[in-house]
Amino acid sequence: MADPDTDTGAKTPRERYRAQVRAEIKERAWEQIATAGASALSLNAIAKQMGMSGPALYRYFAGRDELITELIRDAYRSLADTFRAASASAPGAGLAELARALRGWALEDPQRYFLIYGTPVPGYHAPDDITAIAGENMAMLLDAAAAPAPESPATSAETSAETTTATSAATSAETTTATSAATSATTALDTDLEGLGRRWADGHPAPAAHLHRALAFWTRLHGILSLELAGHFNGMGFDPGLLYAAELDDLLAH
């Protein structure tokens, strides 16, 4: 999706100039966010960097919130484009493809990721169209969650007597009790998702089981990404990419 502040086709010279100035303001804003976070964003500081007066800059953005809104729009559009590219490169793309695309997008620009998935900016209230743009990404996720999982061919080992014995052991009373508890929890959440708990799906027709799967994907993978990008895995000695892949494999197996 084209950014109106960088797409200069079919515009008058004055419109192109305005678009270029707005694009530069956003670039300076991203630099500020990378240094001090979105809550410290200052239009006056940006104006000073660009050799403009504060009032002159306000001709391009009415205030801090309008600038933040534009940055958030750009971030969501960028993620949507990334998801679409992943789907186009692999027709029928499922959760695995979106998961890999999400991590690549997040690592490419951590500050962009944190602007939409990090701590909310104090005092900022997003307009309704931001929710609609975010909903496009969630709709693609729900579509992927509804896609059938790829089948794994059975191997001779899986049909051996040794495997049969192990499977029999897995049906012990202790395992049955644990499975029953997990099933009860799943049922409670699915029931909630059939009612008011599905409002976040914004009218998507996915059944509760697919909503549950999409939520598990979204929350668990974002949890790992947020910790990784914030540096909480630094010094722990393991590869966060392998942890992310292992979590994805676990999600896809259920």
Side-chain angles (χ1 to χ4, degrees), residues 3 5 22-23 25-47 49 57 61-83 98-142 189 192 196-202 211-212 214-236 238-241 243-244 247-248 251:
D3 181 346
D5 290 329
R22 281 173 59 90
I25 291 171
K26 289 194 288 186
E27 288 176 9
R28 300 288 186 178
W30 281 119
E31 292 171 2
Q32 275 196 14
I33 290 172
T35 301
S39 60
L41 191 62
S42 167
L43 269 67
N44 286 330
I46 292 173
Q49 284 182 309
L57 187 141
F61 289 97
R64 183 203 68 155
D65 283 7
E66 183 179 326
L67 177 55
I68 290 175
T69 295
E70 279 298 302
L71 298 178
I72 291 174
R73 282 196 188 105
D74 289 349
Y76 274 125
R77 286 168 179 154
S78 174
L79 181 56
D81 289 344
T82 298
F83 279 174
L98 293 190
R100 297 185 189 104
L102 173 64
R103 185 166 189 270
W105 178 85
L107 293 177
E108 183 181 78
D109 190 340
Q111 295 304 324
R112 178 180 58 188
Y113 174 88
F114 281 126
L115 183 63
I116 58 177
Y117 293 120
T119 303
V121 179
Y124 172 74
H125 300 286
D128 291 342
D129 73 299
I130 293 295
T131 302
I133 296 172
E136 293 177 22
N137 295 332
M138 191 57 71
M140 284 186 273
L141 171 64
L142 287 167
L189 177 57
D192 183 55
L196 294 178
R198 69 176 297 123
R199 284 181 298 182
W200 61 274
D202 195 28
L211 297 183
H212 186 174
L215 276 179
F217 170 95
W218 206 237
T219 54
R220 288 167 64 177
L221 295 186
H222 273 302
I224 292 176
L225 275 176
S226 296
L227 289 170
E228 178 183 3
L229 295 176
H232 292 296
F233 295 150
N234 293 348
M236 295 183 71
F238 65 87
D239 183 345
L243 174 62
Y244 188 88
E247 190 72 3
L248 175 59
L251 284 164

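Using a 4.5 Å heavy-atom cutoff, the side chains of Lys26 and Phe61 are in contact. Counting heavy atoms from C-beta outward, Leu41 and Tyr124 have side chains that stay 4.5 Å or more apart. Between Leu215 and Leu211 there is no side-chain heavy-atom pair separated by less than 4.5 Å. Counting heavy atoms from C-beta outward, Leu248 and Phe217 have side chains that approach closer than 4.5 Å. Contact of the Trp30 side chain with the Leu115 side chain is registered, since non-hydrogen atoms from C-beta on lie closer than 4.5 Å. Side-chain contact between Arg64 and Val121: present, with at least one pair of heavy atoms (C-beta onward) separated by less than 4.5 Å. Under the 4.5 Å side-chain criterion, counting only non-hydrogen atoms from C-beta, Phe114 is not in contact with Ile33.
Rounded to the nearest 0.5 angstrom, Leu225 CG and Glu247 CD are separated by 11.0 Å. The structure places CD of Gln32 at 11.0 Å from OG of Ser39, a figure rounded to the nearest 0.5 Å. Interatomic distance, Ile72 CD1 to Leu67 CG, rounded to the nearest 0.5 Å: 10.0 Å. Glu31 contributes atom CD, which lies 6.0 Å from atom CD of Gln49 (distance to the nearest 0.5 angstrom). One finds the CG atom of Asn234 at 10.0 Å from the CE atom of Met236 (value rounded to the nearest 0.5 Å). Between atom CD1 of residue Ile130 and atom OH of residue Tyr76 there is a gap of 7.5 Å, rounded to the nearest 0.5 Å.
When every heavy atom of Leu71 is checked against every heavy atom of Ala29, the shortest pair comes out as CD1-CB, 3.8 Å. Trp105 and Thr82 make their closest contact through CD1-OG1, 3.3 Å (heavy atoms, listed as atom of the first residue, atom of the second, distance). What you find for Ala99 and Tyr244 is that their closest heavy atoms are O-OH, 2.8 Å. A pairwise comparison of heavy atoms in Ala75 and Ile116 identifies CB-CG2, 3.9 Å as the closest pair.
Using bins of under 30°, 30° to 60° and over 60° for the plane-to-plane angle, the ring pair His222/Tyr117 lands in the tilted bin.
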Checklist entry - Please walk me through it: do Phe83 and Leu141 pass side chain to side chain contact (heavy atoms under 4.5 Å, CB included)? => result CA-CA 9 Å; Phe83 279 174; Leu141 171 64; 5.5 Å; no
Item to check | Check against side chain to side chain contact (heavy atoms under 4.5 Å, CB included), Asp65 and His125 | outcome: CA-CA 8 Å; Asp65 283 7; His125 300 286; 5.9 Å; no
Item to check | Evaluation steps, side chain to side chain contact (heavy atoms under 4.5 Å, CB included), between Trp218 and Met138 | outcome: CA-CA 9 Å; Trp218 206 237; Met138 191 57 71; 3.6 Å; yes
Checklist entry - When you look at Leu102 and Leu79, which way does the side chain to side chain contact (heavy atoms under 4.5 Å, CB included) test go after all the steps? => result CA-CA 8 Å; Leu102 173 64; Leu79 181 56; 4.1 Å; yes
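By the side chain to side chain donor-acceptor pair (under 3.5 Å) test, Glu108 pairs with Arg112, sequence neighbours left out. Shown here are the side-chain contact (heavy atoms from CB on, under 4.5 Å) partners of Ala80, two or more places apart in sequence or in another chain: Arg84, Asn137, Met140.
Pairs engaging residues 224-233 under the side-chain hydrogen bond (donor to acceptor under 3.5 Å, both in side chains) rule: Arg103-Glu228, Tyr113-Ser226 [sequence neighbours left out].
Ser78 places no side-chain N or O within donor-acceptor distance of the main-chain N or O of Asp74, the cut-off being under 3.5 Å.
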